[in-house]
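For reference, the structure is listed below as structure tokens.
Chain letters run A, B, ... following the sequence lines, proteins first and then strands; every chain starts at 1.
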Amino acid sequence: MDSENKITSWRNYQKKIADDHYFFVRSCIRQTFFPGSERAFLTIMRDVLGRDVLDDPRHTSCTGIAYHSDVIPLQTIMTVVARHFALMTEAGYSNFLVSCVTSFGIYNEILHMWEHHPEILAETREHLWKATRREFQVPANVVHTSDTIYKFRNEIFAKAKYSLTSRNGESPLRIAEHVGCHYAKIFPDKGEGGAEFPKVLSGMIESWGGEVLDYPERRHCCGFGFRHYVVRENRGYSVANTRKKLESLAPLKPDLILANCPGCTMFMDKWQYTLGEMEGVTFGADGRGIPVLTYEELAGLVLGMDPWELGLQMHQVDVEPVLKKMGIVYAPEKKYLNAGGQYIGKPMVPDYCCL
Amino acid sequence: MSVNPKKRVAVVGAGVAGIAAAVALKRAGVDADVYEKESGPGGHLTRWHALFPGRENAATVLQGFLNEVKENRLDIRTGTLVTDIRKENGLFRVTTGSGECSEYGAVLLANGFRLFDAARKEEYGYGIYPRVITSPDLEKRMEDPATGLLIHNQAPKKVAFVHCVGSRDAKVGNRYCSKVCCISGVKQAIAVREQYPSCEVMNFYMDLRMFGSGFEELYQEAQEKYGINFIRGRVSEAAPTLDGSIQVKAEDTLLGCPLKVTVDWLILLVGMEPGIPGSLHDSLGLERDDAGFAGCRNKFLLPGYSSVDGLFLAGACAGPATIPDSVNQGRAAALSAIHYLNGKV
Amino acid sequence: MNGKNDKWGFHTEKSNLITLDSNDRSLVNILAEQVPSLNSCFFCGSCGATCTASDDGMNFRLVHLLLRRGELQTVNKIIRSCLLCGKCTLVCPRNVDTRAVIYNLKILIHELH
């Protein structure tokens with residue numbers, strides 16, 4: 001692979017990522033599935049990088065999943081989005097920082113529609129006013145949380161305790177990355193590195209010492225879809241997609257999969273167990289699954305945060321092989337204990353193994 | 001230089017159209033200077049190994065053109081880039097990169113085309129994945145059988161061609177058909193099969209446009225004699241596999257099913273883009289056609305007559321053209337220029 | 001749906017993806033050796049349009065294409081409708097001996113079973 005030319009291609013898509021003072025909006029599902037990620041993000045941004053991030057508890061789901069599943073009409077989601085922008089405006093912020101890739105796509109697409117159809121923007125302002133008596137400015141900068149981790153990747157590594165290499169530092173961790181469809185496919189210029197060769201995750205991996213694996217189905221959907229999994233009968237499509245991706249990346253023997261989208265992380269992690277139970281197939285080493293991490297979890301590990309504080313016990317596929325390979329010092333016995341030291345229970349079948 | 005500039009013609013470009021035009025002018029007794037930015041004449045022909053449809057050796061054909069240059073003692077100023085042409089008081093002032101200026105009564109533009117830069121189609125990964133190459137890259141490789149398409153000294157097992165790369169594609173701003181790539185793809189597919197008889201060759205196409213004499217027959221020969229698989233569907237994405245081969249995705253549009261195949265080489269049939277620099281269009285007030293090539297005044301009655309009086313067009317600078325097209329256009333433009341110099345327009 | 005999958009209420013959906021890497025495409029090569037004109041087909045569809053058994057699903061173009069891609073599941077069922085009347089051979093612009101292809105294909109399939 002000609003990495004020089006790849007870099008040239010990436011350089012064509014350099015987006016503006018604000019440097020400080022962000023209004024943060026959360027994902028509606030990540031706090032359940034990867035509960036330490038957003039907290040780790042705020043800790044990294046505020047305590048490690050010294051940035052100002054406002055996490056306003058009054059904000060809600062963007063309703064993107066419902067929108068994509070034909071449950072919520074366009075006017076409604078626009079009004080919800082407008083309310084978030086109003087909260088941002090009222091707090092005196094103009095940089096909008098989005099934790100979810102679906103939401104990121106929703107915000108960008110709605111802003112795009114408003115730009116081309118001012119009458120829809122006017123209508124939305126009216127709806128928001130009637131419903132809440134709020135007014136708003138559109139943000140000056142909309143970025144995804146993975147954009148900011150990417151932007152500050154070298155600052156993070158300067159404070160790192162571990163790198164993405166084996167314990168002895170000799171071999172890099174082999175990492176397959178997956179970038180959410182709605183991150184850059186809708187608007188390639190809104191994604192760091194564009195849609196074909198996104199830099200956002202691979203840039204972190206390389207800066208922290210890992211090796212990025214280019215696998216044939218790198219750009220394929222993770223299997224999340226929206227209506228494709230909301231109704232149980234449709235989930236066969238979702239799991240088939242995930243299988244396609246996993247089959248494509250398994251021959252490269254990755255140590256882990258890194259994703260920047262809540263749904264992608266969840267489905268690539270949890271469907272591995274489902275596929276194991278349904279079809280008796282696994283895709284990682286020793287007949288087990290391939291660990292899947294969020295970029296905040298990975299940044300947290302590199303910075304030396306405790307794996308269980310990061311919520312890694314909530315992952316379907318056990319992450320211990322990654323911890324061991326990186327030489328991370330952790331307490332195995334504390335995996336299923338909460339902050340107060342109480343036992344929180346554990347999965348009956350923690351990890352499907354086909355051997 | 002003693003000749004009255006009003007009776008002299010500047011030919012810009014010494015590809016096949018420029019050579020044909022200059023030879024025709026010379027034979028008619030008209031003085032012509034030929035400007036060529038490259039170090040030698042021949043244009044794109046110098047990059048080609050074999051020509052469609054008969055797969056004639058390109059070097060032999062090139063030698064034929066060079067013989068004409070020699071026999072007619074053409075004055076070709078190689079390594080000379082024309083940077084500016086202006087029309088003032090009925091005369092054309094041609095300026096070169098070194099700042100030299102000369103005046104002419106007429107100018108014949110034969111700047112040809114630029115090859116489409118395949119890296120612009122990001123989804124094919126040209127320049128990033130080493131096994132994704134373009135049609136001119138393949139010509140170069142086929143010149144030397146020791147290189148060819150060998151992989152660790154082994155013949156390739158599967159090769160795929162992608163038609164219409166940079167042509168018929170609004171995404172890159174080229175809606176037009178580049179005309180020569182279809183038949184080039186058929187010719188190259190045959191060449192690959194001849195060189196490596198055990199290699200499976202697939203051509204992914206949207207339409208196959210076999211307009212020229214002998215083209216359709218070559219297409220049929222490719223199917224019958226060489227067993228080339230023509231698959232209707234545009235390749236949507238290429239990605240490398242573990243061993244560096246290339247996985248391609250397309251739809252088999254005749255079956256209505258997505259299709260996936262891994263190939264050792266993916267060859268992109270790149271199209272033509274307008275060769276006349278924008279600065280010349282501006283300084284001359286030279287109009288473009290809808291595709292961005294130099295436009296003619298009337299495509300039925302006055303092909304080869306540009307929008308500027310006394311400025312004539314030949315070859316692919318006026319739109320995608322084959323070698324015979326370009327030669328004919330070169331001769332026709334020469335005659336038009338002579339008529340113009342003689343005041344018979 | 002088998003018992004194991006009932007637990008989930010769904011199963012991994014089968015894809016309509018054609019995977020040329022693994023599909024068996026040898027049958028078409030045997031046929032092309034027996035009837036060399038088969039390779040000349042450019043899938044114009046004249047054969048399917050004129051086919052006496054088209055209402056019953058027979059379509060020479062489709063059968064040929066399925067063989068070429070190694071998608072063999074439905075081929076046997078489709079050619080069962082063929083009357084071997086030869087009308088498709090009459091209309092073929094590339095002079096493919098379509099009737100001979102189907103005839104040989106039937107023998108090949110018979111031998112395979």
**Message:** Minimum heavy-atom separation for C:Arg61 and B:Leu254, please, with both atom names.
**Reply:**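 In terms of heavy atoms, the two residues are closest at NH1-O, 3.3 Å.
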
**Request:** Taking all heavy atoms of C:Asn16 and all of B:Gly256, pick out the closest pair and write down the distance.
**Result:**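 For C:Asn16 and B:Gly256, the tightest heavy-atom pair comes out as ND2-O, 4.3 Å.
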
Side chain, backbone, both or neither of [X] within contact of chain C (heavy atoms, under 4.5 Å):
| X | result |
| --- | --- |
| B:Glu200 | side chain |
| B:Ile231 | both |
| B:Lys225 | neither |

Is it true that, when you exclude [X] itself, more than 12 heavy atoms of the residues, nucleotides or ligands shown sit nearer than 6.0 Å to its [atom1]?
| X | atom1 | value |
| --- | --- | --- |
| B:Lys157 | NZ | no |
| B:Asp144 | CG | yes |
| C:Glu33 | CD | no |
| C:Tyr103 | OH | no |

**Item:** Part of C:Arg94 lying under 4.5 Å from any heavy atom of chain B
**Value:**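 For C:Arg94, heavy atoms of backbone and side chain both lie under 4.5 Å from chain B.
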
Rounded to the nearest 0.5 Å, how far apart are [atom1] of [X] and [atom2] of [Y]?
| X | Y | atom1 | atom2 | value |
| --- | --- | --- | --- | --- |
| B:Leu255 | C:Leu66 | CG | CG | 5.0 Å |
| B:Lys260 | C:Asn23 | NZ | CG | 12.0 Å |
| C:Phe42 | B:Met210 | CZ | CE | 11.5 Å |

**Request:** Please determine, among B:Arg232, B:Lys249, B:Glu221, B:Glu216, the option with the most heavy-atom pairs under 4.5 Å with chain C.
**Result:**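 Ranked by heavy-atom pairs under 4.5 Å with chain C, first place is B:Glu216.
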
**Message:** The test is side-chain contact (heavy atoms from CB on, under 4.5 Å); show your working for C:Thr19 and B:Val261 and say whether it passes.
**Reply:** CA-CA 6 Å; C:Thr19 42; B:Val261 64; over 6 Å; no

**Message:** Any salt bridge linking B:Asp252 with C:Arg69? Criterion: basic side-chain nitrogen under 4.0 Å from a carboxylate oxygen.
**Reply:**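 Yes, this pair counts.
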
**Item:** Test side-chain contact (heavy atoms from CB on, under 4.5 Å) applied to C:Asp21 and B:Thr241, B:Thr262, B:Val263, the passing residue
**Value:**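 Per the side-chain contact (heavy atoms from CB on, under 4.5 Å) rule, the option paired with C:Asp21 is B:Thr262, out of B:Thr241, B:Thr262, B:Val263.
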
**Request:** Flag the pair C:Leu20 / B:Leu259 as yes when at least one side-chain heavy-atom distance between them is below 4.5 Å, and no otherwise.
**Result:**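 They are in side-chain contact.
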
**Prompt:** Are C:Ser40 and B:Gln223 close enough that a side-chain donor and a side-chain acceptor fall under 3.5 Å?
**Reply:**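 Note: C:Ser40 and B:Gln223 side chains miss the donor-acceptor criterion.
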
